[in-house]
Amino acid sequence: MPAKSEKQRRLMGAALSYKRGENDHASQKIKEVADHMTEKQLEDFAKKPKSRKK
């Protein structure tokens, strides 16, 4: 399930990089999100939604 907003997508991406050990200087909110979600869930939320153009 992709994120519903750009802000949410960025938060999930930051939490994903923290969980993978790529970001040591994360805020408390990012740490909480990373601790409560699996890496797969974070990847799903951090994905950009597919375009629905015809």
Side-chain angles (χ1 to χ4, degrees):
M1 176 176 147
K4 295 186 182 201
S5 68
E6 182 67 20
K7 191 173 184 178
Q8 187 183 37
R9 191 177 72 75
R10 286 183 186 193
L11 173 69
M12 296 302 169
L16 180 60
S17 70
Y18 172 75
K19 190 161 193 113
R20 289 179 175 169
E22 300 168 357
N23 182 6
D24 296 333
H25 306 290
S27 70
Q28 187 62 33
K29 180 70 175 176
I30 292 171
K31 291 176 184 179
E32 287 176 18
V33 171
D35 290 341
H36 287 88
M37 297 180 79
T38 65
E39 195 168 321
K40 176 69 175 139
Q41 289 172 322
L42 290 170
E43 286 176 357
D44 290 342
F45 269 97
K47 271 195 254 182
K48 276 196 167 187
K50 293 184 179 183
S51 178
R52 295 185 182 196
K53 292 182 181 178
K54 289 184 177 183

Presence of salt bridge, Lys29 and Glu32, under 4.0 angstrom: no
Tell me the closest heavy-atom pair linking Ala34 and Ala15, and the distance in Å. CB-O, 3.7 Å
So, taking the atom named CD in Glu6 and the one named CG in Leu11, what distance separates them when rounded to the nearest 0.5 Å? 12.0 Å
Please give me the minimum heavy-atom distance between Phe45 and Arg9, naming the atom from each residue. O-CG, 3.9 Å
Nearest 0.5 Å, please: how far is CE in Met12 from NZ in Lys47? 14.0 Å
Shortest non-hydrogen pair, Tyr18 vs Asn23, comes out as CD1-O, 3.1 Å
State the CE-CG distance between Met37 and Leu16, to the nearest 0.5 angstrom. 10.0 Å
Less than 4.0 Å between a side-chain N and a carboxylate O, is that true for Arg20 and Glu43? yes
Could you check whether any side-chain N or O of Lys19 sits under 3.5 Å from a backbone N or O of Glu39, counting only pairs where one atom can act as donor and the other as acceptor? no
